[in-house]
Protein chains: 2
Amino acid sequence: MQTASTDMSTKRPAPNRSRVTIADVAKDLGVTKSTVSRALNGYPDIAETTRLRISRAAERLGYRPLSHAQAIRTGRVRSLGLVLQIDSEDSARPFLANFIAGITQAASAENWTVTIATAETDEGVRETLSRLVDEHKADGFILPRTLRQDQRVATLRAQNIPFIMFGRTDDPTGCAWYDIKGEDAMRAATTRLASLGHTRIAHVPGGAEYTYSKLRIQGYREGLEAAGIPFDPDLIGAPSLTRQSGDASTRALLALPEPPTAITFAVDRAALGAYRAAQALNLRIGADISLIAYDGVPEGAYADPGLTTFAVNSRQAGERLATLLIKRIRGAAPEDLRELAPATLVERGSDRPPRLTPTELAQHLKHQSTI
Amino acid sequence: MQTASTDMSTKRPAPNRSRVTIADVAKDLGVTKSTVSRALNGYPDIAETTRLRISRAAERLGYRPLSHAQAIRTGRVRSLGLVLQIDSEDSARPFLANFIAGITQAASAENWTVTIATAETDEGVRETLSRLVDEHKADGFILPRTLRQDQRVATLRAQNIPFIMFGRTDDPTGCAWYDIKGEDAMRAATTRLASLGHTRIAHVPGGAEYTYSKLRIQGYREGLEAAGIPFDPDLIGAPSLTRQSGDASTRALLALPEPPTAITFAVDRAALGAYRAAQALNLRIGADISLIAYDGVPEGAYADPGLTTFAVNSRQAGERLATLLIKRIRGAAPEDLRELAPATLVERGSDRPPRLTPTELAQHLKHQSTI
DNA sequence: GAAACTTCCGAAACCGGTTTCGGCAAGGGG
DNA sequence: CCCCTTGCCGAAACCGGTTTCGGAAGTTTC
């Protein structure tokens, strides 16, 4: 027998305070457990008056069913799984807090919880995911950063485990998703630059393995087409996800015989690298060279001039993803759970009419390099 | 690799679509469930040879106990709880990814998981915490951002639920914690500034309700004392947690008759506000005014000049917190689970010998304000 | 050589729920 | 008036584990 002592230093592990069980509720009303269970779970063979009596008694006694006790029979733990990849590079992700907040909020609203795990590598993610699946720690999973060909998708699809993607993928069979229309954003960005007077507009894409990269390039090309500007493959820069590679990619584009006077970036961080390149080459952003990017990272606001970008509402993304995933787990068809939302333009100072023509810019750059 | 189908001697050619349970393992070896359970859980009344046979069979069959099935009897769900407060202001927390990565890594290592939830307000946090406790979604909790008097602590302590704090609190009874020695950092910062030649050194604290604020002020005062500089209450600025309030707080300090030539900040973000103030007042940071802060946010590296700061390893913090909490849940006494780690100095350009004396600085500022 | 321990494992209860099955009573149709 | 539904709920099995209890062997003690 455990006696509740006031000694805090004892090595006693278990709180072991007696909770209110379904049997307590049943006894209180003089009915059986099964009646209580069915009443609380909305079975049709319980009289309405009884249901009311029971739910009131449950409320009064403070009865809360244990989800893991339910799970043993139902197979549902009422939890959403999220496996994040935290690599050393971009571990500083400000969006994460909001994303998680969105997910947990929507989950809480349905009285679900969120089980989170992390890994550093692709393989680590897959292993962790497998473990969570094997131990049934979650009823379904949110997959961020989806690739064009994603092994996580293949695995979960094969095992028939509910999931939802934050992003899209090449083969949509059996997939539900929520995604931001990056393609629209890039089309709008390109159109906007063209209407400012730019004629040489480049694009620095993200990693080729990501679906969004393909889509954003596509949007960029649509924008060109709408503006009547011919597509020039040279103006697709090297894929860049970091400041450093964005810097390099920008320099390479500016070294072209006919350099771009404007660049669209698939991700903000790469665009921030362009600030460095511009400084080194003595170019003024928003005058000699214009930039529009995508993501809406806070650093963009502190850059000088501020980075014009298409911001993603990651909190909303988390909310919708959780909501849709719960529906999926409850049996909705994946085809009915596909949502796209727009990114919103944040106008700052990095996009302006061109001060120089591409030729003049080339001259200027040549002059710089000889100093 | 698991080969279930190639084994011809299996008694059940059943297409084992469902998971392998403890009964499957038992039947495979011709023992009972109880024997398997005790063998796998290290009970002493199982022969070593039997234990080996069983654990090998479990391995071979790919048996993974369901933690929620175990939980129903043991009361342990093998999960750590984390309730984050995500307020609209400082939701952009880059440290979060690393913190979570640390926690989940340590948890995974013990085959535990992490249940995460968020709330916006203090009260929301308490409610969410209560819900997780009531439904026993976690066996113990990590409490970040502890206050000097923290209701979460009171609640969990009263219900005898294991928890660990990231930070300290006024009444340590029954508390385990991991914390960074912010007091040491502030002492070192002050000493460092003093040895650079500063004699008027101010401190901008964090919110008064946080334990760390008290400790960092204390460290600051120790540093003054060690340097033989008398403490001047006027040099304790207004509590600041944001860029904006840091800006205001800095201006107020500089408006003193004898302004400080150096300021220590309890948090980086407030120090970044000082950059604005300096710019507005035409002061050069690292010359006219020196700064040393605390946290190690990435923005500090991009400031110009870079912000000298004491960086916190939040990944390690997460790791240790999870590790200690698991020990706590397993029965270790809270008094034995108290760890302090140092912050590490990141030298950048914001702290230099003073160019002006306080009096000269006051002159300079007066001159600025008349322009 | 019998009593007293040990060692090791099976049988069964148990944890807190859900779900199946069947039965009783009231109601409706013939 | 009887039979057949229908509505409603109790009894009991069940989910996948853990834990208690007891007993059959083997070992030691006297």
Side-chain angles (χ1 to χ4, degrees), chain A residues 1-2 13-55 57-58 61-79 111 134-137 139, chain B residues 16-55 57-58 61-79 111 134-137 139 330:
Chain A
M1 264 310 110
Q2 297 208 157
N16 211 12
R17 44 186 250 296
S18 53
R19 13 178 327 117
V20 179
T21 74
I22 195 170
D24 296 328
V25 179
K27 190 182 296 180
D28 185 86
L29 291 173
V31 297
T32 61
K33 293 194 304 176
S34 65
T35 305
V36 176
S37 175
R38 281 176 308 196
L40 261 28
N41 290 314
Y43 276 59
D45 64 345
I46 298 292
E48 199 49 40
T49 60
T50 308
R51 187 192 312 287
L52 223 64
R53 253 189 345 132
I54 289 179
S55 63
L61 299 175
Y63 169 62
R64 293 274 188 85
L66 289 175
S67 64
H68 56 264
Q70 300 178 301
I72 184 181
R73 189 72 219 261
T74 63
R76 297 267 180 78
V77 290
R78 287 216 319 273
S79 174
N111 208 15
D134 281 353
E135 305 190 1
H136 201 116
K137 288 291 196 170
D139 302 313
Chain B
N16 221 350
R17 206 70 207 104
S18 60
R19 30 179 316 117
V20 18
T21 73
I22 195 170
D24 296 328
V25 179
K27 191 180 292 182
D28 185 88
L29 290 174
V31 296
T32 60
K33 292 194 305 176
S34 66
T35 304
V36 175
S37 175
R38 282 176 309 197
L40 261 28
N41 290 314
Y43 275 59
D45 63 346
I46 298 292
E48 200 49 39
T49 61
T50 309
R51 186 192 312 287
L52 222 65
R53 254 191 343 134
I54 289 179
S55 63
L61 299 175
Y63 169 63
R64 292 272 189 88
L66 289 175
S67 63
H68 55 264
Q70 300 179 301
I72 184 182
R73 190 71 219 261
T74 62
R76 296 270 178 79
V77 290
R78 288 217 318 271
S79 174
N111 208 16
D134 281 353
E135 305 191 2
H136 201 118
K137 289 291 195 168
D139 301 313
R330 289 185 172 148

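By convention in this document, chain letters (A, B, ...) are assigned in the order of the sequence lines, proteins followed by strands, and residues within each chain are numbered from 1. Given the structure is predicted, the values throughout are model-derived calculations rather than measurements.
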In a check of side chain to side chain contact (heavy atoms under 4.5 Å, CB included) between Val25(B) and each of Thr35(B), Leu40(B), Val31(B), Val36(B), which one passes?
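Only one of Thr35(B), Leu40(B), Val31(B), Val36(B) forms a side chain to side chain contact (heavy atoms under 4.5 Å, CB included) with Val25(B), namely Val36(B).
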
Is there a side chain to side chain contact (heavy atoms under 4.5 Å, CB included) between Tyr63(A) and Ile22(A) once you walk through the steps?
CA-CA 7 Å; Tyr63(A) 169 62; Ile22(A) 195 170; 3.5 Å; yes

Bounds of contact between DNA chain D and chain B, in 5' to 3' order, using a heavy-atom cut-off under 4.0 Å:
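Here the contact window of chain B covers dG16(D) to dC21(D).
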
Sub-4.0 Å heavy-atom contacts from residues 62-76 of chain A onto DNA chain D, ordered by number:
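Result for residues 62-76 of chain A: Ile72(A), Arg73(A), sorted by number.
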
Check DNA chain D against residues 39-48 of chain B and give the residues with a non-hydrogen atom under 4.0 Å, in numerical order.
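Contacting residues: Asn41(B), Tyr43(B).
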
Any side-chain donor paired with an acceptor under 3.5 Å for Lys137(B) and Ser79(B)?
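Absent: no donor and acceptor within the cut-off.
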
Are side-chain N/O atoms of Ser37(A) and Ser34(A) paired as donor and acceptor at under 3.5 Å?
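Note: Ser37(A) and Ser34(A) side chains miss the donor-acceptor criterion.
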
In plain terms, say whether Arg38(B) and Asp45(B) are close enough for a salt bridge, that is, a side-chain N and a carboxylate O under 4.0 Å apart.
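Yes, charged N to carboxylate O under 4.0 Å.
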
Tell me the closest heavy-atom pair linking Val77(B) and Ala71(B), and the distance in Å.
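The answer is CG1-CB, 3.5 Å.
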
Identify the heavy atoms of Pro65(B) and Gln70(B) that sit nearest to each other, and give their distance.
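Reported closest heavy-atom pair: CB-NE2, 3.6 Å.
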
Under 4.0 Å between any heavy atoms, over every strand shown, what does Thr21(A) touch: base, sugar-phosphate, or nothing? Just pick one.
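Sugar-phosphate only.
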
Any [X] side-chain heavy atom under 4.5 Å of [Y] side chain:
{"X": "Ile54(B)", "Y": "Thr50(B)", "value": "yes"}
{"X": "Arg64(B)", "Y": "His136(A)", "value": "no"}
{"X": "Glu135(B)", "Y": "Arg78(A)", "value": "yes"}

